[in-house]
Chemist: 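Take this structure first; my questions come after.
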There are 2 protein chains.
Amino acid sequence: MARPAPLSGFPEYLPRQRMVEQHVLDTVRQIFELHGFASIETRSVEPLDELLRKGEIDKEVYLLRRLHSAEEEPDAGLGLHYDLTVPFSRYVLQNAGSLHFPFRRYQIQKAWRGERPQEGRYREFTQADIDVIGRDTLAFHHEVEVALVMAEVFRALPGPPAVILVNNRKLIEGFFVGVGATDVGAAMRAVDKLGRAGPDAVATLLVAESGMSPLAADRCLALAAIRSADTSFGPRVRALGVSNPLVEQGLAELTAVVGAAHARMPGAVVADLGIARGLDYYTGTVYETELAGFESLGSVCSGGRYDALASDGRTTYPGVGISLGVTRLLAALVGRGLVTASRSVPSAVMVAVTDEDHRAVSELVAEKLRARSISTEVAPTAAKFGRQIKHADQRGIPFVWFPADAGDSVKDIRSGDQVPADASTWVPPDVDLRPRVLPTDDYETDDSGESTS
Amino acid sequence: MARPAPLSGFPEYLPRQRMVEQHVLDTVRQIFELHGFASIETRSVEPLDELLRKGEIDKEVYLLRRLHSAEEEPDAGLGLHYDLTVPFSRYVLQNAGSLHFPFRRYQIQKAWRGERPQEGRYREFTQADIDVIGRDTLAFHHEVEVALVMAEVFRALPGPPAVILVNNRKLIEGFFVGVGATDVGAAMRAVDKLGRAGPDAVATLLVAESGMSPLAADRCLALAAIRSADTSFGPRVRALGVSNPLVEQGLAELTAVVGAAHARMPGAVVADLGIARGLDYYTGTVYETELAGFESLGSVCSGGRYDALASDGRTTYPGVGISLGVTRLLAALVGRGLVTASRSVPSAVMVAVTDEDHRAVSELVAEKLRARSISTEVAPTAAKFGRQIKHADQRGIPFVWFPADAGDSVKDIRSGDQVPADASTWVPPDVDLRPRVLPTDDYETDDSGESTS
């Protein structure tokens, strides 16, 4: 067959790039678990009616069909999930009797959307979500908590600093009603376009679709322009002269989120009154996240409070969740070559093979090193030592081990230093034990550039 | 909405069951990396012609279609991969210029098949593969290596012992030709049905479809009945009186695999001359794996040597790989309730909240504990302490922390022991730091039973 081509929108990584992704996923998991979130995975497919229940994305769903299947087969009507929130709410309803509430879960999985691919927008992508979901009620403090957990994730990750932008749906809904919007949902969707379409287009939309006067639209744009890293946004909102109980309640909540975050991690969480989010199920705090220098990628971490997403008619499970777009984040870290790994294989050591008849001797050395958690491979051929060293070098393996009757030795192939060593006791320096993931500037690399698609 | 139902063939786990899966996946990854295998992931979809290139499974492929799409869209003709070998061979061809050979990779991902679901057979399932792939040539010793890596994985996993059964395609092809088969592929597929269909049905098939005489079919069944944990199978095969160069070459290779494995891990790898594997691309050693007491599940780990799976016409990339069926293995470990986790959340500690005004005090304690890698959550409400303790107990969290002006204390809620403690220095016993995964008999559990589908 001819050389296959990449598929647009379905990213794949070379091994050294994949190590960056693994590092991101490991860091995310570690911090989620430190905060007591339990892992779940949901199946990749949901019934189509469940997927469409949340509206607006129907054109983006991938449906499944068995090759040679009849239309009436049970699989007809299954689609790949396009996020992890809708499957999670289904999972909670289905397993409510076996879960303890408030239920704290994380979920790291792929999702699929049939969108037009571009940088930051993929047809297959990985999301890392945390949600806290209650039965009947969910305390407000979890709206502060999930933002701070994600702020901690960003602080631990390599790459550019991130700012989590927060707003409150009650505040902006109250404000839209207060200035005379007749269709609050339309106003929400209009403001959500601010980043892409700009203020003039949004003003036109607000007037045309939400029933506002041009003057009212201007006040909404003035609201949307307010941004502050502390709680000083309160007086600025009130100065716009639109007040009702919902605005006051939203201001109180937003003040609580930003105030608590400011006290714990100054600058990590910022009030941005222009954040709306397109989805109609959010009812309280909403989140988006800007990566410094990569604003054009769009939000790398979004979510919000939802009150009625999961309900079986008798019981409602209100929740709050936030979702890290791992693939989008990697578009910055890997796609732009900001970050790379110190080698392309896990191995810290390659054991040389003197001749094929003595391969078992080298295997035994490897076994002893592995028994002490040192990742080790054995040279694939008993070529001349120079060629074996080159094989290790190409992969970035720092140490080559030479078994010998007169006593083994190990060579640091970067410095050329070779010292006698015993496979039962020798350890590499900590810094070489595992591949490290760091800014590209710190390394010479051979495959750290563009992603393969 | 009404309570949603599980989808047959798409398994999901409760949090405590998922911990068993995570433990399996972590163990697998750790051992793969110790042996120097690098992680890659491939996209979930492949062009249909690529998926069908390997034949025989066309009815099982799930095709993708965008809701509301036109037939001529680029996504038309994409299907979900049904294994990880075919995508891997495509990845190697596509990226050959950026990889170093022999290339050692592991890949842990979901795959999909539109099969009739039953125990051990799923529509969505997780596979964990290792392969070593060369350019132009691949040394035979890798056929020993991959079996031993998987034997190490099984030794490290909880649950029943596993035996990796090996055979050699050259040996049986030579044998089939030697007894007069006119269609060797048909003979291979017939013998592959031995476990499910039994010897009488296979003898009938061999005669009807591979052109053998009934006497020849009997000799094939006699070959297939040979099984030995050491290299004593050689004389038994020769005693059947079918000899040709291919049989001799296959016997030499099988003797090398079983001999080396017997020396390194006695009993882990066993010659079974009845193993054929259905796929036509295998050319040397083939592997299947029986889980003691769960033979009816089918093989939990299979693979083989392939010489021409990946080729661009000029260069061929021969390889050998073995694939662990994680979901099938979990059908035994979790589905049959053999193994469970010591708690359903990562948290080792829950910090009690005295009253909502002092939640920040509890948050600070949690922060100090997490800074020393102790997974900690804060009580969701400032209820009476008895209720807060019950909340921890339901999740299996072993310790509850009580902040107090007069000095903090921590209670082991299993023993009731409460002692003064400082959040900057206290550590839980090692055994309680993380959830442990062990045989069910060792624990009282509340949700370790059946999987949710």
Side-chain angles (χ1 to χ4, degrees), chain A residues 1-4 6-7 10 12 14-15 18 22 33-36 38-45 58-59 61-69 75 79 90-91 93-95 98 100 102 104-105 110 114 124 139 141 311-312 344-347 359 370 373 375-377 380-381 394-395 447 452, chain B residues 1-4 6-7 10 12 14-15 18 22 33-36 38-45 58-59 61-69 75 79 90-91 93-95 98 100 102 104-105 110 114 124 139 141 311-312 344-347 359 370 373 375-377 380-381 394-395 447 452:
Chain A
M1 66 183 286
R3 185 169 167 220
L7 276 178
F10 292 91
E12 287 185 341
L14 291 169
R18 164 67 178 159
Q22 281 187 298
E33 292 186 352
L34 268 181
H35 287 262
S39 173
I40 68 159
E41 288 200 338
T42 57
R43 62 196 186 213
S44 301
V45 302
D58 55 349
K59 280 188 304 249
V61 174
Y62 279 117
L63 287 177
L64 293 195
R65 179 168 70 79
R66 289 215 300 160
L67 191 65
H68 308 314
S69 70
D75 289 349
R90 189 265 311 153
Y91 177 96
L93 282 180
Q94 186 176 316
N95 299 297
S98 307
H100 302 290
R104 305 158 68 79
R105 82 86 174 81
K110 294 196 164 68
E124 177 172 55
H141 58 78
S311 171
D312 60 11
S344 67
V345 292
S347 314
R359 176 168 293 278
R370 289 178 196 129
S373 298
S375 176
T376 306
E377 57 187 84
T381 66
Q394 284 174 328
R395 287 155 178 75
D447 66 6
T452 69
Chain B
M1 67 183 285
R3 186 170 167 221
L7 275 179
F10 292 91
E12 286 185 342
L14 291 169
R18 164 67 179 159
Q22 281 187 298
E33 293 186 351
L34 268 182
H35 288 261
S39 173
I40 68 159
E41 287 200 339
T42 57
R43 63 194 186 215
S44 301
V45 302
D58 56 349
K59 281 189 302 253
V61 173
Y62 278 117
L63 287 178
L64 294 194
R65 180 169 68 79
R66 289 214 302 159
L67 190 66
H68 308 314
S69 71
D75 291 349
R90 189 264 312 153
Y91 177 96
L93 282 181
Q94 186 176 315
N95 299 297
S98 309
H100 303 291
R104 306 158 67 80
R105 82 87 175 80
K110 293 197 165 67
E124 176 172 57
H141 59 77
S311 172
D312 61 9
S344 67
V345 293
S347 315
R359 174 167 294 278
R370 288 179 197 131
S373 298
S375 175
T376 306
E377 57 188 83
T381 66
Q394 284 174 329
R395 286 155 178 77
D447 66 4
T452 69

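Chain identifiers are assigned alphabetically (A, B, ...) following the order of the sequence lines, protein sequences preceding nucleic acid strands; residue numbering begins at 1 within each chain. Reckoned from all heavy atoms, side chains included, excluding hydrogens, waters and symmetry mates.
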Chemist: Quick one: closest heavy-atom pair of B:Y91 and A:L14, and the distance?
Modeler: OH-CA, 3.4 Å
Chemist: Between B:V45, B:T381, B:V345, which shows the greatest number of heavy-atom pairs under 4.5 Å with chain A?
Modeler: B:V45
Chemist: Any side-chain heavy atom of A:R66 sitting closer than 4.5 Å to one from B:Y62?
Modeler: yes
Chemist: In terms of heavy-atom proximity below 4.5 Å to chain A, should B:R359 be classed as side chain, backbone, both, or neither?
Modeler: side chain
Chemist: Flag the pair A:L63 / B:L64 as yes when at least one side-chain heavy-atom distance between them is below 4.5 Å, and no otherwise.
Modeler: no
Chemist: How about A:R104 and B:R395: do any of their side-chain heavy atoms sit closer than 4.5 Å?
Modeler: no
Chemist: Quick one: of B:A139, B:S347, B:P102, B:S39, who has the most non-hydrogen atom pairs under 4.5 Å with chain A?
Modeler: B:S39
Chemist: Just so I understand: if I count every heavy-atom pair under 4.5 Å between each of B:R43, B:E33, B:E377 and chain A, which residue has the most?
Modeler: B:R43
Chemist: Going by heavy atoms in the side chains, are B:E12 and A:R90 under 4.5 Å from each other?
Modeler: yes
Chemist: Could you check which of A:P380, A:A38, A:S373 has the highest count of heavy-atom pairs closer than 4.5 Å to chain B?
Modeler: A:P380
Chemist: So do the side chains of B:R105 and A:R18 get within less than 4.5 Å of each other, counting heavy atoms only?
Modeler: no
Chemist: Nearest 0.5 Å, please: how far is CD in B:E41 from CD in A:Q22?
Modeler: 8.0 Å
Chemist: Is A:E124 close to chain B through its backbone or its side chain, or both, or neither, when contacts mean heavy atoms under 4.5 Å?
Modeler: side chain
